[in-house]
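Convention: sequence-line order gives letters A, B, ...; per-chain numbering from 1.
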Amino acid sequence: MKVDHSLPLEYSTEENQLKILGFWIFIGAEIMLFATLFATYFTLENRTGNGPTGAEIFEIAPVILETILLLTSSFTIGLGVHAMRLGRKKAMMGFFIVTLVLGLGFLGVEIFEFMTYAHEGAGIQTSAFTSILLTTLGTHGAHVTVGLFWGLFILIQVKKRGLTPETGNKSFIFSLYWHFLDVVWIFIFSFIYLKGLL
Amino acid sequence: MEFFERFAIPHPSIAIYASMVAAGLTLIAVLAGLTYFKKWGYLWREWITTVDHKRIGIMYLISALLMLFRGGVDAIMMRAQLAVPDNKLLDSQHYNEIFTTHGVVMILFMAMPFIIFFMNFVIPLQIGARDVAFPRLNALSFWLFFMGAMLFNISFMVGGSPDAGWTSYFPLADTDSVGTNYYMIAIQIAGIGTLMTGINFMTTILKMRAPGMTLMKMPMFTWSAFIANVIIVFAFPVLTVALAFGTMDQLFGTQFFTLDNGGMAMLWANLFWVWGHPEVYILILPAFGIYSEIISTFSKRNLYGYKSMVASMVLISVLSFVVWAHHFFTMGQGAMANSIFSITTMAIAVPTGVKIFNWILTLWKGKIEFTTPMLYSILFIPLFTLGGVTGVMLAMSAADYQYHNTMFLVAHFHNVIIPGVVFAMLAGLTYYWPKMFGFMLNERIGKWTAWLLSIGFLLAFMPMYVTGLDGQARRMYTYSESTGFGPMNMVSFVGAAIMAIGFVLIVYNIYYSVRYASRDISADPWDARTLEWATHTPVPHYNFAITPEVASSEAYWDYKKKNHELYKGDYEKIHMPNNSGIPFVMSCIFFGWGFSLIFSLWIPAIITTIGIFVCMTLRSFEKDHGHYVSVKEIEDTESELRGA
């Protein structure tokens, strides 16, 4: 494996470069996936049947909390990647742990939010609106959940194997994924919650 | 007892029981044969765990050919049922299941893998690469496709097939039977594999081209495949979501496509065709690429209008995403929407026409050799144009009220798919056969096949235009004598039978050529123009001993005729990926996952879901950087291949 030390760790081998490009293309596919969910949401948002409307069930406080947690975690993972490039393993691991804890916090609030919805009679079977609402939020939440496990496994590998081109590459790709989830959340926040509350 | 009832077929018939026995016996014979000849280890080491793009390609080919015959049997049964009025061969339910599986199998489990076979086998060779960007992901793509296809194929023996057409419109598809579950989940599993293929090949083509091969010096097939992969990456996620909605409606009682509580059945039609229309261009563009290679090779000329070929494909790929609503002109979307989609649909004829003219102008002044692949390509031009013209007829939304849901439509899409895609696949198969297996297919039998398929095709589908305009509805399982459709449908049946003979001849050709064809052929038996012919036959597992250097889209032709130097420098050790069993094991778990969901077996479904994630985790922790092929080994392999 040829390693080019003039490049950042995550780009330093040919295999790494391929993986990063491949992941960008994968994000392209993910954008299409979420775009389809949003398009469906806009189609169905007023088709509430006998169930509640968005304005009736949305609450701003937990959503703001979720937003703060996720946006902060996107910042801390950026610091983590920066630390990785400087070769500071401990700092990098620290920032990644903070990121994952913030992600876990986000997930906790979201689960609490879903329970509230269910309590208010807005389950996934209630109406077309609640089906697409919970599916869109749930798809994002499932991505966060997968991300938590993924990040944990990368942390274990960094701890055991140190910062190599391979673990650096994995950490960087994971950070792309995490930033992407943040971007999706901004759309959810703006076009589902704010639009629904206004 | 109730537990087992859901696995029973709801509408049994003797034909189904007979095919169950046949399938069972075939399975036993294969297992016994493998054991008797002690081939289990060989199968596992050399094929099931392989990450070699050429072998994965050949496995795609075998799957596609098998599915071609399954879909073909469905087709023959349909034509036989309709051959005479008031026929009692099949009942209505059975007929519904057959036309549904025919459509799904032919598009998704036959044409798609056939196209992906070409991508796998040809692209790395054509761009001078050693393998695809992510070899193990490639293996996973194949096995996911394979498991999805197998899951779909057992539907008629376990639980019952889907019966709402390949478009599976809700609420028609929304039934208590498991057929729709099969449709939603089997296609989902195969679709995930296809999406990963798209990502893999986009990366491969962007990053792994030989030195000197700029984008505008890529061979035309690679270009066409690249654009098809871009369409895959943008279209398949839509299908993923649509199928997930459908699955949730079926299994968890959500309200996406229901008729009350706000559900919207039309949403399915939209999502399905936002994927479904680009899908036909995923199939046709690589087919166009294959024709471009073949026509240029056997005209002994470079392809006319290379840049306009590329531009037209890019334009087609964009237009393919803005025409989907022409599939429901008659479902009440209003004059404005109909007009817009009518115009965008007709616009596709323009870049397609550019391509047709380019092929004709390549033939013009060419020294044409009438080989079998060339015969298919030349038959393709008029036959496909005929289908294109009826396509423009259908694109007129006002006139579509007459054509809609009649045999006219069925005739149109078979008229583009068969000469467009199927002929290209058979032409490409004949063309690349010597590169794969080291001997040529018999030309005489090959030409007979091409003519039989063309004549059979015309007899089978031209009458449908007529009966369609007369009002014979599609998907109608029988009709009365007074309609007057009888004679034309009999002609169709004869045509279908002639096509069936053509397909059997392909099998015979393979058998005949395996036995009698000369093994003493060069690496370049067709006097071809692109890089895949510049390496040995059989192709060594590392493809090229020295990475070729390229100066035009026809590097090998320049090497032969203009003293272009392909290989500079000495042998260096080559990095290659290791084989892995994980893709196969993970796909088997996916099969179990799909089966559990189809029959609402929740505990196995949870276990298999965990299993899938465990596989991904294991893969993440695995330390595998592949291996190196030493210079000594390359020298030995090369001298052996040259000596042979």
Around atom OH of Tyr571(B), are there more than 12 heavy atoms from other residues, nucleotides or ligands closer than 6.0 Å? yes

Could you give the distance from CE (Met264(B)) to CD1 (Ile132(A)), rounded to the nearest 0.5 Å? 12.0 Å

Do Phe149(A) and Phe613(B) make the cut of ring centroids closer than 6.0 angstrom? no

Neighbour count above 12 (heavy atom, 6.0 Å) for Phe42(A) CZ: yes

Could you grab the distance from atom CZ of Phe26(A) to atom OG1 of Thr203(B), nearest 0.5 Å is fine? 12.0 Å

Gln125(A) side chain vs Thr254(B) backbone, donor-acceptor pair below 3.5 Å: no

How many angstroms lie between atom CZ of Phe252(B) and atom OG of Ser131(A), to the nearest 0.5 angstrom? 12.0 Å

Considering only heavy atoms and a distance below 4.5 Å, find which of Met202(B), Lys623(B), Met196(B), Met208(B) pairs most often with chain A. Lys623(B)

Scored by heavy-atom pairs under 4.5 Å with chain A, the best of Asn270(B), Leu267(B), Leu206(B) is Leu267(B)

Side chains of Thr130(A) and Gln255(B): donor-acceptor distance under 3.5 Å anywhere? no

Crowded around Glu622(B) CD? As in, over 12 foreign heavy atoms under 6.0 Å? yes

Flag yes if more than 12 heavy atoms outside His627(B) fall under 6.0 Å of its NE2 atom; otherwise flag no. yes

Side chain, backbone, both or neither: which part of Met248(B) has an atom under 4.5 Å from a heavy atom of chain A? side chain

Mind checking the OG1-CG spacing from Thr204(B) to Leu18(A)? Nearest 0.5 Å is all I need. 7.5 Å

Working to the nearest 0.5 Å, report the span between CG of Asn50(A) and CG of Asp260(B). 8.5 Å

In terms of heavy-atom pairs under 4.5 Å with chain B, the winner among Thr48(A), Thr43(A), Ile154(A), Thr135(A) is Thr135(A)

Would you mind checking which part of Gln17(A) comes under 4.5 Å of any heavy atom in chain B, side chain (CB onward), backbone (N, CA, C, O), both or neither? both

Would you indicate whether the side-chain heavy atoms of Glu14(A) and His575(B) approach each other to under 4.5 Å? no

Flag the pair Phe34(A) / Val241(B) as yes when at least one side-chain heavy-atom distance between them is below 4.5 Å, and no otherwise. no

Measure across Ala29(A) and Leu195(B) and return the closest heavy-atom pair with its distance rounded to 0.1 Å. CB-CD1, 4.0 Å

Go through the atoms of Phe245(B) and report whether side chain, backbone, both or neither lie under 4.5 Å from a heavy atom of chain A. side chain

Heavy-atom side-chain contact between Asn261(B) and Arg47(A) under 4.5 Å: no

In terms of heavy-atom pairs under 4.5 Å, which option from Ala244(B), Ala242(B), Gly253(B) contacts chain A the most? Gly253(B)

Could you measure the distance from the CD1 atom of Ile156(A) to the CZ atom of Phe621(B)? Nearest 0.5 Å is fine. 4.5 Å

4.5 Å side-chain heavy-atom contact, Trp150(A) and Met616(B): no

Assess whether atom CZ of Phe187(A) is packed by more than 12 heavy atoms of other residues, nucleotides or ligands within 6.0 Å. no

Bottom line for Ile232(B): the part with an atom under 4.5 Å from chain A's heavy atoms is neither

Contact part of Lys170(A) toward chain B, heavy-atom cut-off under 4.5 Å: side chain, backbone, both or neither? side chain

Which pair of heavy atoms, one from Met32(A) and one from Val233(B), lies closest together, and at what distance? CG-O, 4.4 Å

Looking at every non-hydrogen atom in both residues, tell me the closest pair between Thr36(A) and Leu271(B) and how far apart they are. CG2-CD2, 3.6 Å

Identify the heavy atoms of His625(B) and Glu166(A) that sit nearest to each other, and give their distance. NE2-OE1, 3.5 Å

